[in-house]
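Have a look at the structure below before the remarks.
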Amino acid sequence: MQQTQYIFFSGKGGVGKTTMACATAVHYAKEGKKTLIITTDPASNLADVFETEIGHKITPLGIENLWGMEIDPDKATEEYRERILQPMRGVMPDNVMTVLEEQFHSPCTTEIASFDRFVDFMTTDSSDNGTPYDVVIFDTAPTGHTIRLLELPVDWSKHIEESAKGSGNTCIGPVATIQENKKKYDEATRLLGDTERTKFVFVLQPEETSLYETRRASDELKTIGVKNIEFIVNGILPEEVCEHPFFRSRYEMQQKYLKKIGKIFPVQQRRMFQRDGEIKGLGAIQHIAADLFPQNGLAPQYRLGNGQDAGSITIQQDDPDSIDDLLKPNGKTKSVFFTGKGGVGKTTISCAAAYHIASQGYKTLLLTTDPASHIGEVLEQKVGDTIQPVEGVENLYAVMIDQEKAVEEYKQRILDDAKQKYNEDMLMAMREELESPCTEEMAAFDKFVSYAEGDDYDVIVFDTAPTGHTLRLLELPFDYDQQVGLMVSTNEQSEAVKSDTKKRFERIISRMKDPEQSVFSFVVYPESTPIVEAHRAMLDLKDAGIDTQFVVANQVLHPEYCTNDFFIRRWKMQEKYLGEMRSWFNVPVTIMPLLETEIRGLVMVKRAADQLFSDRVTTKTPSHQEIN
């Protein structure tokens, strides 16, 4: 019997992995294979690409043999909680159930629940009607979070095994009730290393940051047993449309990196050209699938379409001084958060903003919470887990959260503090609990809080993880405000711990809600998917009492450089969304133009800072008549 094949897609945010995953799913479905595409990204745009509602259920996607599902963390959590607790209701004493239910509302339950749902699709071949899928495709979150997801089968299996030798309890339920989970996690680990059944596809673009992240992540995958790895290089500019010196410069930059990619990954790679418009809807996805899986085996070739007059277009740029004023401190440390969909340029915008603020004489800390961060590559300086000055920029310092080190520091601090307060039995339970994989999330959050509550800098610029993970990070103080001290049960001693921690988180929450102390900005491309995702996230923040102060429209084309049909069409698309952004967000919008090369090194960071806070007022698109 044919066994289900599993294909994972990952890569740096914004490289096109969802598009490639969708095109692959369509290809296999049209071949007659029963295909399921699942997204594990909490900020998924699967529904946007297929232009259909999907949600937390298996949904037909408009062509025969193709279904999709978006794993909803909240719904997955409720399903997981009920599956574990339901058999115990009416059997366990009320006081025991109270403790268990309190534990299952802890923040780490969300991580394990989403992960558990993901593993279900790797360890259960059958669909809802009982027939197996031929292909299951996972459209994963950006790289750092994907690596974390794929490490979890090993981590959770080990934690359950160790807990069985000790107290018999874990933060995700009693060992006796989750032994079946361990079997699932062991099977998932085995399948990840099965080259006959599992393939991992990295999507990257011909740029240094994308190449750096792909190389790092592919090495990490090999350490957890993933062997079957392929590459798709996406977003390549067709040579024939790059006659203008500006785009010729970008084309030559890409060609340099294509050669470098070939040397670093000496395996067959598929290459995809950049399109002149958005990729949305089944028809567009089918065109991508045809190029990704050409019938004649030849690489796709870009063909120029019929041009349209762009006409005369004017875009009003908001006064950069108003943005500048938002970032200035007023006697208290100001935190500035840049977030948005993966790959929209949060890191370069964060670096440029931090450079600009520091150059005005304010002591500035640039900090990343993204596990796949590359601020060091942008600055072309080593950035580690201890704060270091950025050489060549007065008043600017940088640091990144080292996940592993944060975990060890967190464990040690918790245990050192507990030794003064608790007996040995309670300390043993705490040590066991601290070995849970969800400690990583708590530790990273604790480190984030330690920076956010400090007053050593005038401004702290946070380069955050992609939207869904950023929202999760920002929700944590609200969760932990209700859920601290769970590791030490519910006695008088732990109530004192809860009270102290509660006060700490209340201070952080108050600070994040205060627009005088915290500024939130979304970075977007002027395209539908990043704008829709940012708008959703903005509403989620508003529900938590946090307002968005401004939006950065990044990588906007210079209209005067758009001298052929290809780039005129891309500019027309951007112009449409730039015009709509004010009604979507109703906050100031600042424009960051696309530069002729990538932003790396302090010279380019300064250029980006100057552009971001320049006084450009209008731009005009060339008409087709002007070109001719």
Side-chain angles (χ1 to χ4, degrees), residues 318 321-340 346-347 349-358 360 362-370 375 387 395-401 444-481 502-524 534-552 585-590 612-613:
D318 280 306
D321 289 340
S322 66
I323 307 293
D324 206 7
D325 290 342
L326 288 173
L327 305 182
K328 291 179 180 178
N330 51 3
K332 297 179 180 178
T333 298
K334 179 166 282 189
S335 297
V336 181
F337 296 87
F338 286 100
T339 189
K346 297 181 297 294
T347 297
I349 296 298
S350 298
C351 290
Y355 184 103
H356 174 75
I357 296 165
Q360 293 184 309
Y362 298 109
K363 188 178 180 183
T364 305
L365 176 64
L366 172 63
L367 180 149
T368 180
T369 64
D370 190 343
I375 59 173
I387 296 173
N395 302 312
L396 183 58
Y397 302 79
V399 67
M400 64 179 292
I401 294 177
F445 165 67
D446 186 77
K447 194 73 173 177
F448 159 77
V449 167
S450 71
Y451 288 113
E453 65 186 351
D455 293 309
D456 297 332
Y457 296 88
D458 297 317
V459 180
I460 304 176
V461 177
F462 289 88
D463 168 32
T464 67
T467 320
H469 300 281
T470 299
L471 290 174
R472 178 75 189 128
L473 178 72
L474 298 179
E475 284 169 355
L476 285 174
F478 301 90
D479 288 344
Y480 281 116
D481 181 33
K502 179 180 173 66
K503 290 175 183 176
R504 184 188 184 204
F505 288 131
E506 283 177 343
R507 289 195 299 270
I508 292 298
I509 291 167
S510 175
R511 190 164 181 163
M512 290 167 66
K513 288 182 176 180
D514 183 356
E516 294 297 314
Q517 289 189 273
S518 296
V519 174
F520 286 82
S521 172
F522 281 94
V523 182
V524 301
H535 186 255
R536 288 179 193 141
M538 183 183 77
L539 296 179
D540 287 339
L541 282 180
K542 193 170 185 64
D543 288 343
I546 297 173
D547 289 327
T548 299
Q549 281 92 329
F550 70 101
V551 172
V552 178
F585 297 102
N586 198 29
V587 295
V589 175
T590 187
L612 190 59
F613 296 95

Looking at [atom1] of [X] and [atom2] of [Y], how far apart are the two atoms once the value is rounded to the nearest 0.5 Å?
{"X": "Asp463", "Y": "Thr368", "atom1": "CG", "atom2": "OG1", "result": "4.0 Å"}
{"X": "Phe522", "Y": "Lys346", "atom1": "CZ", "atom2": "NZ", "result": "10.5 Å"}
{"X": "Asp455", "Y": "Lys332", "atom1": "CG", "atom2": "NZ", "result": "9.5 Å"}
{"X": "Tyr451", "Y": "Ile460", "atom1": "OH", "atom2": "CD1", "result": "9.5 Å"}
{"X": "Lys363", "Y": "Tyr397", "atom1": "NZ", "atom2": "OH", "result": "5.0 Å"}
{"X": "Leu365", "Y": "Ile357", "atom1": "CG", "atom2": "CD1", "result": "11.0 Å"}

Could you tell me which non-hydrogen atom of [X] sits nearest to which non-hydrogen atom of [Y], and how far apart they are?
{"X": "Val461", "Y": "Ser350", "result": "CG1-O, 3.8 Å"}
{"X": "Val459", "Y": "Pro329", "result": "CG2-CD, 3.7 Å"}
{"X": "Arg511", "Y": "Thr333", "result": "NH2-CB, 3.1 Å"}

Mutual orientation of the aromatic rings belonging to Phe338 and Phe550 [parallel < 30°, tilted 30-60°, perpendicular > 60°]: perpendicular
Donor-acceptor pair, side chain of Gln549 and main chain of Leu327, under 3.5 angstrom: no
Residues in side-chain contact (heavy atoms from CB on, under 4.5 Å) contact with Gln360, at least two apart in sequence or another chain: Asp324, Lys328, His356, Tyr362
Under 3.5 Å side-chain donor-acceptor pair for Asn395 and Thr364: no
Atom CG of Asn586 with >12 non-hydrogen neighbours under 6.0 angstrom: no
Stepwise side chain to side chain contact (heavy atoms under 4.5 Å, CB included) check, Thr548 with Phe585: CA-CA 9 Å; Thr548 299; Phe585 297 102; 5.8 Å; no
Would you say the side chain of [Y] lies within less than 4.5 Å of the side chain of [X], judging by non-hydrogen atoms?
{"X": "Val519", "Y": "Phe337", "answer": "no"}
{"X": "Cys351", "Y": "Leu366", "answer": "yes"}
{"X": "Ile323", "Y": "Phe613", "answer": "yes"}

Full working for side chain to side chain contact (heavy atoms under 4.5 Å, CB included) between Ile387 and Tyr457: CA-CA 12 Å; Ile387 296 173; Tyr457 296 88; 3.3 Å; yes
